[in-house]
Every structure is written in C-alpha cells, then in structure tokens.
Asks: 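Have a look at this one before I ask anything.
Chain naming here is simple, since letters A, B, ... match the order of the sequence lines and numbering starts at 1 in each. All values below come from the heavy atoms of this structure, side chains included, with hydrogens, waters and symmetry mates left out. These figures come from a predicted structure and were not determined experimentally.
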Amino acid sequence: MVNQAHLWWAIICVALISFAFKAVGPAVLADRQLPAAARGVIALLAPVLLAGLLVVDMGGPRWTALNGPLLIGLATVAAVRLSRAPMLLAILAGTTVTALIRLVWG
Amino acid sequence: MGTGLAAAGFVLAVTFGAFARTEGWGVLAPIVCSLVVFSGSAQFALATALAGGGGVPTAVAAAALINGRFLPMGVAVAKDLRGGRIRRALEGQAVVDGSWVAAHLGGGRFDRYKLFGATVVQWPAWVAGTALGVVVAPPENLVESLGLDLVFPAFFLLLLLDELRGSRAARGAAALGACLAAALVVWVPVGLALLGASAAALLGLRKGLIPRDTRRDTKRDTKEAS
C-alpha cells in the first residue's frame, strides 16, 4: 500500500512540474518574432511529435507493449481513412477489428 | 474532434481510477491527481512507479520525464497565444496531447480557440472518468477486450496522416522522428525518447525543407512588420 503522505507530495510535485513545462515556452517566447529557421523547426514539431507519440504508444518502454491485434487495428484505421471515410468511422472500424481479433484469438 | 478525444480520455481515465484505487490511493487522491496533473501517461507512470516501491523521487522523475514533451509543445503554440507572460503561461496550460494536435493548423500555426475548446471538453471528462473508475473499479481488461486501447494511437495516426499529406518536409521529419523514438525508447524512458525524437524537427533548419505554410507566414509577418 502507498504511504498517503508520500502520495500527496508526489501528486503536488508532478502537478507543479507539469505546470512549469507547459508555461515555460509561452512565457519565455511571449510574442517575440522568431526567425524563419526557428519557424521551420516549429512547423515540423507537430508531425515529428505525432510520429513519436504513435511509436512510443504502440511500442511502450523497451518495446514491451507491442501488441499484434493493436497493430492490425491500426492498419485498419489507416486503410479505412485512406479510402476517404470520416475519422470517427475509421476509429470505430479499428476498435471493432481489434476487439474481434482478441475475442477470436483470446 | 474534442468530443471524440474526451470520450477516449474518459475511458482511459476510468482505468486510471480503478488502477489507483487497487494500489491503495483511496478515493480523493486519484481524482485530485487527474484534476491537477491531467496527463494520462504521467499519471500511469506515477502510479506504476509508486506501486513498484520506487519512492517519491523516482515516481516524480518518471512522470516528469514523460511530461517533458510539453516543453516543445509549449514552444510551438507560444506564438498563437495572447497577452503578457503570465497570461500566456496560463493559456499554455491548455496544452495536452489531443488538444495540441487537434488545434494544429499546419505550418507550425495553432488555432487558439480550438486548443482551449478541446481541453475544456477533455478535462471534465478526464476527472469524471477517474471518479467513476475509483467508485466502480471495472475489471482491468475491459478496455482491452473492447479494443478501446486503440483509440489514442488511432487519433495520433489519423492526425499524422493529415499532417503528412502534401508536405515532403513533414514526411521526412516524421520518418526520422519515428526512427529516433523507436531507437531511444529501448534505452530511456518514454518521455525522454519523445523529447529526443523532437530533434528531428531540426530538419526545418534546412532552407529547402521549410514547409510552404511557414514560408507564407514569414512573408505575411514581414509585410506586417514593415
């Protein structure tokens, strides 16, 4: 069982650190005009972080979370979306396929 | 988009609430944690590290490393927020994964209202989901049985597909970022791997690779400045 005093300290610390992480960029940069090169970097942050989030979400720490049905479900999402279906329909198709595979394969 | 993210977050929050309850967090702590931290991956890291007996410093470090991604995300949205430093710092609190990607307009620009709107919907859903998980404590495998653990990666994939459409620079940077994340996650915690992967955005320094939208912004800003 977790020590309650330790738990509350941990929650407070993580909350403050998260606040600081989110605040630093906007507070320091404010409305400063950035050079074009910096904007080029910032413009690429979204695709880079999305690709990174996708990889670490699927793989997990040391690739321990890699999961076959999840990969097939994700491929289904991509295929349905690329056939011009709406986003939510693509996700629904992916979750259904993932759930069915787990049901059949256990 | 915000509603879909909120629904996905709600389900994930139920599992967090249930997990925290089984680890002896009690009723109030998981709900307060969701209220003030509002980051699924960091909260799960915190709960897992504390459950593993790692102590407060280890648990806080694990959660902090995971939330390190908010640094570059905050830098990216900085230009599109309003007001002085304090107000911008407060507005920056709206940055969470789903809202950040939903608000991205392309070319490094963000829709400020979409950022706030998506967060305003997700936050109560996250807290309510945690509360439900604490009270009801559903079986751990329910989310997996229904395939709902696919929802977040699916959102990331769909938004990534949109980002990659029509931008060679974005495709190259995303591929490099994915490779870096894939390699780094073997050696370092997930959050640090994400931070390292963001180095791939440095490809934007190459003149020919600056995305079209950003070049347009640069011209417009130059005109406005003059």
Asks: With no hydrogens and no angle check, is any side-chain donor or acceptor of A:Lys22 less than 3.5 Å from a backbone partner on B:Val95?
Replies: yes
Asks: Please report the shortest heavy-atom distance between A:Val48 and B:Ala197, naming the atom on each side.
Replies: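 Scanning both residues completely, I find the closest heavy atoms to be CG1-O, 3.1 Å.
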Asks: What's the spacing between B:Trp100 CH2 and A:Leu53 CG if we round to 0.5 Å?
Replies: 8.0 Å
Asks: Out of curiosity, A:Leu7 CG to B:Cys33 SG, how far, rounded to the nearest 0.5 Å?
Replies: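 Atom-to-atom, A:Leu7:CG and B:Cys33:SG are 7.5 Å apart.
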Asks: Testing the basics here: between B:Ala193 and A:Val56, what is the closest heavy-atom pair and its distance to 0.1 Å?
Replies: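 So the two residues come closest at CB-CG1, 4.5 Å.
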Asks: Does B:Arg69 reach the main-chain N or O of A:Leu49 with its side chain, forming a donor-acceptor pair under 3.5 Å?
Replies: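 No.
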Asks: Kindly compute the distance separating CD (A:Gln4) from CG (B:Leu28), expressed to the nearest 0.5 Å.
Replies: 9.5 Å
Asks: For the residue pair A:Leu45 and B:Ala76, what are the closest heavy atoms and their distance?
Replies: CD1-CB, 4.0 Å
Asks: Quick one: pull up CG in A:Asp57 and CG in B:Asp149 and give me the separation to the nearest 0.5 Å.
Replies: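 One finds 9.5 Å between CG of A:Asp57 and CG of B:Asp149.
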Asks: Within the 4.5 Å heavy-atom criterion, are B:Leu157 and A:Leu74 side-chain neighbours or not?
Replies: yes
Asks: At a heavy-atom separation under 4.5 Å, does B:Ser145 approach chain A through its side chain, its backbone, both, or neither?
Replies: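 Contact with chain A is through the backbone of B:Ser145 alone.
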Asks: When only pairs under 4.5 Å are counted, which of A:Ala20, A:Pro61, A:Cys13 shares the most heavy-atom pairs with chain B?
Replies: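 Sorted descending by pairs with chain B, the first entry is A:Pro61.
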Asks: Show the nearest heavy-atom pair for residues B:Leu202 and A:Val41, with the distance to one decimal.
Replies: CA-CG2, 4.1 Å
Asks: Looking at A:Val24, A:Ile17, A:Leu54, A:Asn3, which one has more heavy-atom pairs under 4.5 Å with chain B than the rest?
Replies: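 Of the candidates given, the most pairs with chain B belong to A:Leu54.
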Asks: Take A:Val77 and B:Leu150, measure what side chain to side chain contact (heavy atoms under 4.5 Å, CB included) needs, and give me the verdict at the end.
Replies: CA-CA 10 Å; A:Val77 171; B:Leu150 180 82; 3.9 Å; yes
Asks: So does A:Pro26 get a backbone contact from the side chain of B:Arg88, meaning a donor-acceptor N/O pair under 3.5 Å?
Replies: no
Asks: Any idea which of A:Ala23, A:Pro47, A:Gly60, A:Gly94 has the most non-hydrogen atom pairs under 4.5 angstrom with chain B?
Replies: A:Pro47
Asks: In terms of heavy-atom contacts, does CH2 of A:Trp63 have more than 12 from other residues, nucleotides or ligands at under 6.0 Å?
Replies: yes
Asks: Could you check if a side-chain atom of A:Phe19 sits within less than 4.5 angstrom of a side-chain atom of B:Leu90, using non-hydrogen atoms only?
Replies: yes
Asks: Between B:Leu161 and chain A, which part of the residue has a heavy atom less than 4.5 Å away: side chain, backbone, both or neither?
Replies: side chain
Asks: Provide the closest heavy-atom pair for B:Val37 versus A:Ser18 in the form atom of the first, atom of the second, distance.
Replies: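 Here B:Val37 and A:Ser18 meet closest at CG1-OG, 4.3 Å.
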Asks: Which region of A:Leu70, side chain (C-beta onward) or backbone (N, CA, C, O), has a non-hydrogen atom less than 4.5 Å from a non-hydrogen atom of chain B, or is it both or neither?
Replies: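 Both parts, backbone and side chain.
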Asks: A:Leu29 versus B:Val75: any side-chain heavy-atom pair under 4.5 Å?
Replies: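 Yes, close enough: below the 4.5 Å cut-off.
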Asks: Taking all heavy atoms of B:Arg85 and all of A:Val28, pick out the closest pair and write down the distance.
Replies: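 Heavy atoms of B:Arg85 and A:Val28 come nearest at NH1-O, 3.2 Å.
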Asks: Check whether any side-chain N or O of A:Arg62 sits under 3.5 Å from a backbone N or O of B:Trp187 as a donor-acceptor pair, and report yes or no.
Replies: no
Asks: So, B:Glu163 side chain and A:Ala51 main chain: donor-acceptor pair closer than 3.5 Å or not?
Replies: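 The answer is no, because no donor-acceptor pair under 3.5 Å joins these two groups.
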Asks: Within a radius of less than 6.0 Å around CD1 of B:Ile86, do more than 12 heavy atoms belonging to other residues, nucleotides or ligands occur?
Replies: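 At most 12 heavy atoms, drawn from other residues, nucleotides or ligands, come within 6.0 Å of this atom.
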Asks: Quick one: CG on B:Leu50 to NE2 on A:His6, what's the gap to the nearest 0.5 Å?
Replies: 10.0 Å
Asks: Answer yes or no: is there a side-chain heavy-atom contact under 4.5 Å between A:Trp8 and B:Val32?
Replies: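 Sidechains of B:Val32 and A:Trp8: in contact.
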Asks: Are the side chains of B:Val101 and A:Leu50 in contact, using a 4.5 Å heavy-atom criterion?
Replies: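 Yes, at least one pair of side-chain atoms sits under 4.5 Å.
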Asks: Which of the residues A:Thr98, A:Thr95, A:Ile12 is involved in the greatest number of heavy-atom pairs with chain B at under 4.5 angstrom?
Replies: A:Thr95
